[in-house]
Amino acid sequence: MLDNNHVIELLPAYALGCLDEDEAVQISEHLSDCSICQSELDAYQTVTAQISLAGAITEPPPVLKQQLFDRLQIPRSSPSASSRKYRWGLAPRFLSAWGVVSLLLILALSAGSFYMWQRINRLEQTNRPGGMYAFSLNGTEIKPDAAGYLIIGEDGRNGAVIIDKLPPLDPEVEEYQLWLIRNGEYTSGALLAVDEMGYGGRRVSAPDNLLTYSAVSMTIEPAGGSPHPTGEVVLVGALTSP
Amino acid sequence: MGDRSTAEEITLDVFTLLWEKADMYQPERAKVSTWLTTITRNRSIDVLRRRGSRPEGHSVNLFQISTSQMPAGDNLEESAETAMLRERVRTAISQLPEDQSQALQLAYFRGYTHRQIAVLLDQPLGTVKTRIRLALQKLRKMLVD
């Protein structure tokens with residue numbers, strides 16, 4: 001019988017899937033009765049999921065999506081070679097679930113389209129006052145109601161960032177840092193603070209033309225800034241093509 | 001996996017499984033991305049182990065992975081956030097001691113068990129277990145806690 005301490009020591013390896021089978025079985029049995037260890041395992045599985053981000057990104061070919069749709073929609077009365085993994089006996093539950101998911105998918109796509117349409121409208125209304133470009137910055141899970149704008153001059157050489165609804169930081173300890181992102185690389189664009197109302201602004205500078213970057217983000221960094229992002233992301237924004 | 005067709009087949013299997021087992025997802029335990037990634041990796045390891053061989057000609061050196069790829073997609077804000085997280089993960093892994101990073105890579109990307117890694121590296125089993133445990137504990141501290 002495994003005690004909690006022993007299981008907790010093995011949870012990282014269990015999350016990685018590199019235990020021997022007998023050890024894995026023992027831990028699996030223990031987890032069914034232990035919410036503490038289950039919670040620990042959840043945290044390690046979050047880590048192992050993130051390790052995959054370190055790998056190279058590969059886009060699946062479009063035909064794969066169609067193959068998936070074909071596989072899921074094969075009628076039960078006419079099995080084909082590609083239906084070898086389709087299990088009989090699930091049709092009633094499958095079809096009712098399919099109906100619900102289809103409805104949810106339609107709603108989600110409609111909401112997504114509506115959101116994109118609103119966003120495009122917003123950009124068209126705001127992106128060229130006096131020849132300048134304005135790109136909106138949106139809050140993340142950390143601070144969903146935070147907002148901002150990155151204003152870039154017509155020639156891309158000068159810019160300014162304005163942020164709102166972010167909590168003031170202790171300037172001795174932390175600052176907000178703006179990152180300009182291009183091809184997965186991050187360049188610091190500004191360090192700034194906010195006032196007691198959560199509002200702040202700063203000029204933005206970069207070694208290259210600001211319009212050559214594809215996205216921006218803002219993180220909380222140690223006072224004085226960091227060479228690379230290390231803290232929580234509070235704002236993100238896409239720099240769509242002018 | 002070492003070959004594209006196997007990777008694509010696994011992708012189809014995983015999404016089929018998600019479709020059939022969607023009611024098993026527990027949002028209070030993990031994000032969808034975590035659940036999806038865990039299932040995918042487990043399936044990949046199953047295939048690797050059943051195959052009984054590893055793609056020996058294909059090695060993953062985390063320190064040489066190109067940083068020139070931004071994830072494609074319509075939502076560039078989400079892409080920016082993902083790119084930020086990717087950078088944090090790569091930075092965290094690069095800060096691991098070499099022996100821990102090596103053991104982690106063999107376990108994660110090649111699907112080797114403790115014992116197999118111990119044989120490959122000619123190290124005691126206990127040493128390998130400790131390295132993997134410490135590696136993941138450190139990553140958890142840097143990325144999650």
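No experiment lies behind these values; they were computed from the predicted model shown. We name chains A, B, ... by the order of the sequence lines, and we start the count at 1 in each one.
Interface remark: B/Thr91 contributes no atoms to any contact with chain A (heavy atom separation under 4.5 Å). The parts of B/Arg133 that come within reach of chain A are both its backbone and its side chain, each placing non-hydrogen atoms under 4.5 angstrom from that chain. A/Ser39 does not touch chain B: none of its heavy atoms, backbone or side chain, sits under 4.5 Å away. For a residue to count as touching a neighbouring chain, one of its non-hydrogen atoms must lie under 4.5 Å from one of that chain's; by this rule A/Glu232 does not touch chain B.
Residues A/Lys165 and A/Asp145 are not paired through a salt bridge, judged by the lack of any N-O separation under 4.0 Å between the basic side chain and the carboxylate.
Of the listed residues (A/Thr230, A/Asp20, A/Leu19), the one with the most heavy-atom contacts under 4.5 Å to chain B is A/Asp20. Across A/Cys18, A/Ala49, A/Pro12, A/Ala13, the residue that shares the most heavy-atom pairs under 4.5 angstrom with chain B is A/Cys18.
Of the candidates A/Ile152, A/Val216, A/Val204, A/Val161 forms a side chain to side chain contact (heavy atoms under 4.5 Å, CB included) with just one, namely A/Val204.
Contacts of B/Glu8 classified as salt bridge (Lys or Arg N to Asp or Glu O under 4.0 Å), with partners at least two apart in sequence or in another chain: B/Arg4.
Pairs passing the salt bridge (charged side-chain N to carboxylate O under 4.0 Å, His left out) check and including a residue from residues 118-130 of chain B, sequence neighbours excluded, read A/Glu23-B/Lys129.
Side-chain atoms of A/Ser214 never come within 3.5 Å of backbone atoms of A/Ala238 as a donor-acceptor pair (strictly under, hydrogens ignored).
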